[in-house]
Amino acid sequence: MNAPQDRQSGLATSRAHSARVYDYILGGKDHYPVDVEAGKAMCRHWPALPVHMMENRRFMHRAGRFLAQERGIRQFLDVGTGLPTSPNLHEVVQEVAPESHVVYVDNDPVVLAHARALLQSSPEGATAYVDADMHDPDTILDSPEFRDLIDLSRPVGLMLIGILHFILPPDDRRLVKRLLDPLPSGSYLAMTIGTADFAPEEVNRVAQEYGQQNMPMALRDLPTATSFFDGLELEEPGVTQVHTWHPGPEQAGVDGRDIAMYGAVARKP
């Protein structure tokens with residue numbers, strides 16, 4: 001990628017971005033030197049960070065498949081999508097139900113530049129991309145893409161994966177509620193929540209590094225994480241480390257000390 005051209009096109013290549021750092025640590029190619037520098041610093045603080053990030057992504061795959069296969073959800077709102085690394089949510093759920101609709105939301109220009117990979121829907125289904133920020137939920141909910149693809153008379157799967165730790169109090173609960181409130185009864189919230197409960201020294205150093213890169217982070221303990229699901233009906237096993245939520249063969253041997261994310265899926269009554 002050519003930095004001068006990127007500056008001309010409005011890409012903020014002089015500052016690390018969480019989606020691009022995530023891409024670098026997971027072995028992707030859509031990042032800049034500043035993201036590499038930040039990612040290397042974070043991995044020095046906590047070498048398990050790539051394992052942690054991969055398990056967060058795998059939770060999204062399992063939760064999406066669970067909602068499509070076990071709960072019959074056919075439309076999804078994925079906020080904080082990140083860079084389109086296959087399999088994406090629509091690939092997972094449309095393998096179960098090809099007619100599924102998925103609306104992706106992110107606000108990084110690099111994600112936008114690669115969004116066509118998120119739009120390769122099955123012929124029976126549909127996908128759309130909204131260039132918006134979770135801090136502005138009205139832009140998401142009022143967007144033509146959301147209104148065209150999401151039928152609010154039918155349940156929706158709201159996916160907030162790997163984003164809540166970048167939403168600081170006191171806005172966090174209000175923003176989650178604002179996205180969930182318009183969704184009908186029978187909708188689901190699938191969410192992952194960053195924590196320092198299992199490797200406090202290492203994870204707090206990573207959080208400090210994110211903060212120094214202008215990406216402040218809030219880490220939450222189990223009671224606080226669980227409280228985000230108040231009023232909802234948690235699916236078993238409740239709020240747990242992401243690698244222990246409906247684990248598959250890939251989770252065999254994962255060390256809990258390497259995972260700094262809680263996850264859960266819950267139904268809106």
Side-chain angles (χ1 to χ4, degrees), residues 18 22 46 48-49 51-67 70-71 73 76-80 82 89 105 134-135 137 155-204 206-207 210 215-248 251 254-269:
S18 58
Y22 188 63
W46 192 35
L49 188 57
V51 175
H52 155 82
M53 287 185 167
M54 181 59 71
E55 288 306 319
N56 179 70
R57 181 111 181 135
R58 287 171 172 167
F59 171 88
M60 182 271 286
H61 296 156
R62 297 196 306 280
R65 180 172 295 278
F66 171 82
L67 290 176
E70 304 296 330
R71 296 297 179 261
I73 300 299
F76 296 82
L77 175 62
D78 182 6
V79 180
L89 178 62
V105 180
M134 184 172 167
H135 286 96
V156 178
L158 173 60
M159 313 291 286
L160 301 178
I161 307 298
I163 187 174
L164 191 66
H165 49 281
F166 294 118
I167 308 296
L168 306 183
D171 292 333
D172 47 0
R173 296 177 189 283
R174 174 182 64 82
L175 293 171
V176 173
K177 184 176 186 296
R178 178 69 185 95
L179 290 169
L180 196 56
D181 275 354
L183 307 185
S185 173
S187 293
Y188 283 83
L189 171 63
M191 184 160 59
T192 62
I193 302 170
T195 183
D197 283 357
F198 303 97
E201 292 185 11
E202 297 90 337
V203 174
N204 277 306
V206 171
Y210 267 103
M215 295 178 283
M217 179 182 291
L219 300 170
R220 296 162 172 102
D221 60 16
L222 180 58
T224 305
T226 303
S227 70
F228 280 91
F229 297 93
D230 287 351
L232 305 178
E233 300 166 353
L234 281 163
E235 294 282 352
E236 292 294 335
V239 182
T240 185
Q241 281 179 285
V242 289
H243 70 294
T244 65
W245 193 90
H246 295 215
Q251 283 64 57
V254 174
D255 189 334
R257 294 170 296 182
D258 293 344
I259 306 300
M261 199 78 82
Y262 289 117
V265 174
R267 181 182 183 275
K268 181 178 179 180

Item to check | side-chain contact (heavy atoms from CB on, under 4.5 Å) between F66 and E235, worked out | outcome: CA-CA 10 Å; F66 171 82; E235 294 282 352; 3.6 Å; yes
Item to check | Test applied, side chain to side chain donor-acceptor pair (under 3.5 Å); reference residue, E55; option that passes from Q251, H243, Q241 | outcome: Q251
Next on the checklist: Please report the interatomic distance CD(E202) to CG(L49), rounded to the nearest 0.5 Å.
Outcome noted: 11.5 Å
Checklist entry - Is there a side-chain contact (heavy atoms from CB on, under 4.5 Å) between L232 and L180 once you walk through the steps? => result CA-CA 11 Å; L232 305 178; L180 196 56; 3.9 Å; yes
Item to check | Flag, side chain of T195 to backbone of A260, donor-acceptor distance under 3.5 Å | outcome: no
Checklist outcome for this item: Looking only at heavy atoms, the pair that brings G248 and R62 closest together is N-CD, 4.4 Å
Checklist entry - Of the non-hydrogen atoms in S187 and V156, which two are nearest, and what is the gap between them? => result OG-N, 2.9 Å
Checklist entry - Is there a donor-acceptor contact under 3.5 Å from the side chain of R71 to the main chain of Y188? => result no
Checklist entry - Which atoms form the tightest heavy-atom contact between L179 and P137, and what is the distance? => result CD2-CB, 3.8 Å
Next on the checklist: The test is side-chain contact (heavy atoms from CB on, under 4.5 Å); show your working for L189 and K268 and say whether it passes.
Outcome noted: CA-CA 8 Å; L189 171 63; K268 181 178 179 180; over 6 Å; no
Item to check | Pair S227-R220, side-chain donor/acceptor within less than 3.5 Å | outcome: no
Checklist entry - Is the backbone N or O of W245 less than 3.5 Å from a side-chain atom of T240, with the two atoms forming a donor-acceptor pair by type? => result no
Checklist outcome for this item: Heavy-atom nearest pair, A264 first then L234, reads CB-CD2, 3.8 Å
Checklist entry - How many angstroms lie between atom CD1 of I259 and atom CZ of F59, to the nearest 0.5 angstrom? => result 12.5 Å
Checklist outcome for this item: Here the gap from H165 atom NE2 to N56 atom CG, rounded to the nearest 0.5 Å, amounts to 7.0 Å
Checklist outcome for this item: Partner of Y262 under side chain to side chain donor-acceptor pair (under 3.5 Å), picked from T244, D197, T226, is D197
Next on the checklist: Closer than 3.5 angstrom, by distance alone: can the side chain of R257 be matched with the main-chain N or O of A48 as a donor-acceptor pair?
Outcome noted: no
Checklist entry - Say you draw a straight line from NE2 of H135 to CZ of R174; how long is it, rounded to the nearest 0.5 Å? => result 8.0 Å
Item to check | Min side-chain heavy-atom separation M60-R57 under 4.5 Å | outcome: yes
Item to check | Spatial distance of atom CE (M53) from atom CG (D258) [nearest 0.5 Å] | outcome: 13.5 Å
Checklist entry - For the residue pair A196 and N204, what are the closest heavy atoms and their distance? => result CB-ND2, 3.8 Å
Checklist entry - For L164, which of I167, L160, I161 qualifies under side chain to side chain contact (heavy atoms under 4.5 Å, CB included)? => result I167
Checklist outcome for this item: Looking only at heavy atoms, the pair that brings I193 and A225 closest together is CD1-O, 3.6 Å
Item to check | With sequence neighbours excluded, residues passing side chain to side chain donor-acceptor pair (under 3.5 Å) with D221 | outcome: T224
Item to check | Flag side-chain contact, heavy atom, 4.5 Å: F198 against V203 | outcome: no
Next on the checklist: Determine whether M134 and V176 satisfy the following criterion, side-chain contact (heavy atoms from CB on, under 4.5 Å), listing intermediate values before the conclusion.
Outcome noted: CA-CA 9 Å; M134 184 172 167; V176 173; 3.9 Å; yes
Checklist entry - Does E236 offer a backbone N or O that forms a donor-acceptor pair with the side chain of H246 under 3.5 Å? => result yes
